[in-house]
2 protein chains.
Amino acid sequence: MSASIQNLSGLDRVIHEPARLMLVTLLSAVESADFLYLLKESDLTKGNLSVHLSKLEEAGYIEAEKTFRGKMPHTEYRLTSKGKSAFDQYRKNLSSVLGVKSK
Amino acid sequence: MSASIQNLSGLDRVIHEPARLMLVTLLSAVESADFLYLLKESDLTKGNLSVHLSKLEEAGYIEAEKTFRGKMPHTEYRLTSKGKSAFDQYRKNLSSVLGVKSK
DNA sequence: CAAACTAGTTTGTATAATAAACTAGTTTAC
DNA sequence: GTAAACTAGTTTATTATACAAACTAGTTTG
């Protein structure tokens, strides 16, 4: 019981931040997504979206594939397998709290 | 679907912070608890425990009942009804992430 | 009477999230 | 053909936060 409580202190901060939790959740539902899609779905500002995507990339949880659509740059973001398992682990740790109804 | 994603941006930050999530979870399981109990179960330092308890108190999520046991001060902390419903709401908002299996 | 304990508060530092401003090029409307 | 709007971000600066460590103040135990 107190073992599952201790899971909470070790929650992955990279994923735990609401903005990034949103992004990871969004990306876990699709193959890949571009900047504009994430911008609209997340309702973040461009700056914040950029920074949070960078943090997720630094952590190795997502990867960005930069290409050109005609002459326009186009970037697709997708969860890596590392990102997927980190998200799975995060959900496991949290479900110990959320799963148990106290009342 | 994207409605539930938006729930994540509105996550209650007071509860979301892992240290406080731990405390709220601990307090939701018992009638009340004292400082030493929370200190041991949460594995926080005294300073952090004190600060986090103050934040929860400011938010109206817990209340502290200060008494004396003989000559020693003794404080019992308990979740308020506001705290209970905030925790319930928090868990509902998060369930959009925890509930849907992506794979 | 000194050390350890209860129950914290205060302070200082380091990390962080956020918004706003900026960059650089492309496309569309007039 | 040029100004406005769009894509796709990055950089900067401000604010907030968490955290550890030091401090306070009294009490109890050896």
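It should be emphasised that the depicted structure is a prediction, and the values quoted were computed from it without experimental measurement. Chain A is the first sequence line, chain B the second, and so forth, proteins listed ahead of strands; every chain is numbered from 1.
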A.B. asks: Tell me which residues in residues 10-21 of chain A put a heavy atom below 4.0 Å from DNA chain D, sorted by number, or none.
C.D. replies: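 Residues of residues 10-21 of chain A under 4.0 Å from DNA chain D: A:Arg13.
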A.B. asks: What range of DNA chain D does chain B touch, first nucleotide to last, counting atoms under 4.0 Å from its heavy atoms?
C.D. replies: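 Contacts span D:dA18 to D:dT28, reading 5' to 3'.
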A.B. asks: What contact category does A:Leu39 fall into here, base, sugar-phosphate, or nothing, at under 4.0 angstrom with non-hydrogen atoms?
C.D. replies: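 Touches nothing.
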A.B. asks: Name the nucleic acid region contacted by B:Lys46, choosing base, sugar-phosphate or nothing; use a 4.0 angstrom heavy-atom cut-off, strictly under.
C.D. replies: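 Counting heavy atoms under 4.0 Å across all strands, the contact made by B:Lys46 includes a base.
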A.B. asks: Base, sugar-phosphate, or nothing for B:Leu49, non-hydrogen atoms under 4.0 angstrom?
C.D. replies: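 Here B:Leu49 touches no strand at all.
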A.B. asks: Let me spell it out: for each of B:Ser54 and A:Arg69, pick the nucleotide of DNA chain C with the closest heavy atom. Which residue's pick is nearer the 5' end?
C.D. replies: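 Result: B:Ser54.
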A.B. asks: Using only side-chain N and O atoms of A:Asn48, determine if any of them is under 4.0 Å from OP1 or OP2 of C:dA17.
C.D. replies: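 Result: no.
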A.B. asks: Between A:Ser85 (side chain only) and A:Ser81 (backbone N and O only), is there a donor and an acceptor less than 3.5 Å apart?
C.D. replies: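 Yes: the side chain of A:Ser85 pairs with the backbone of A:Ser81.
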A.B. asks: Evaluate the side-chain proximity of B:Ser42 to B:His52: yes if any heavy-atom separation is below 4.5 Å, no if none is.
C.D. replies: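 No, too far: nothing below the 4.5 Å cut-off.
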A.B. asks: Keeping the roles fixed (side chain from A:Thr80, backbone from A:Glu63), state whether a donor-acceptor pair exists under 3.5 Å.
C.D. replies: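 Answer holds: no.
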A.B. asks: Side-chain contact test, heavy atoms from C-beta onward, threshold under 4.5 Å: evaluate it for B:Leu21 versus B:Tyr90 and give yes or no.
C.D. replies: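 Side chain of B:Leu21 against side chain of B:Tyr90, heavy atoms only: contact under 4.5 Å found.
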A.B. asks: Test your reading of the model: is there a side-chain donor-acceptor pair from B:Lys82 to the backbone of B:Ala59, 3.5 Å cut-off?
C.D. replies: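 Indeed, once roles are kept as given, a pair shorter than 3.5 Å links the two residues.
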A.B. asks: Rounding to 10°, can you tell me the angle the first-five-pair axis of the helix from C:dC1-D:dG30 to C:dC30-D:dG1 makes with its last-five-pair axis?
C.D. replies: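 That helix gives 0° between its end axes.
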A.B. asks: In terms of the angle between their ring planes, are A:His16 and B:His16 parallel, tilted or perpendicular, with boundaries placed at 30° and 60°?
C.D. replies: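 If you compare the ring of A:His16 with that of B:His16, the planes turn out parallel.
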A.B. asks: Would you indicate whether the side-chain heavy atoms of A:Leu8 and A:Asn93 approach each other to under 4.5 Å?
C.D. replies: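 SC-SC contact between A:Asn93 and A:Leu8 ruled out.
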A.B. asks: Pick the closest DNA chain D nucleotide for A:Phe35 and for B:Thr45 by heavy atoms, then say which residue is nearer the 5' end.
C.D. replies: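 Whichever sits nearer the 5' end wins; that is A:Phe35.
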A.B. asks: Touch check for B:Ser50, heavy atoms < 4.0 angstrom, all strands: base, sugar-phosphate only, or nothing?
C.D. replies: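 Counting heavy atoms under 4.0 Å across all strands, the contact made by B:Ser50 includes a base.
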A.B. asks: Is there side-chain contact between B:Tyr61 and B:Asp12, with heavy atoms separated by less than 4.5 Å?
C.D. replies: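 Answer yes - side chains close enough.
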A.B. asks: Please step through side-chain contact (heavy atoms from CB on, under 4.5 Å) for the pair A:Leu53 and A:Leu49, ending with a clear verdict.
C.D. replies: CA-CA 6 Å; A:Leu53 287 173; A:Leu49 178 55; 3.8 Å; yes
A.B. asks: Please check if B:Leu44 and B:Leu36 belong to a single hydrophobic cluster, counting links between Ile, Leu, Val, Met, Phe, Trp and Tyr side chain heavy atoms closer than 4.5 Å.
C.D. replies: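 The answer is yes; both residues are in one hydrophobic cluster.
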A.B. asks: For B:Pro73 and A:Leu44, find the nucleotide of DNA chain C closest to each by heavy atoms; which residue's nucleotide sits nearer the 5' end?
C.D. replies: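 Result: B:Pro73.
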A.B. asks: Within the 4.0 Å heavy-atom criterion, would you say A:Phe68 contacts the bases, only the backbone, or no part of the nucleic acid?
C.D. replies: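 Nothing, no heavy atom under 4.0 Å.
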A.B. asks: Walk me through it: do B:Lys46 and B:Phe35 pass the test side-chain contact (heavy atoms from CB on, under 4.5 Å)?
C.D. replies: CA-CA 9 Å; B:Lys46 284 183 295 178; B:Phe35 194 84; 4.0 Å; yes
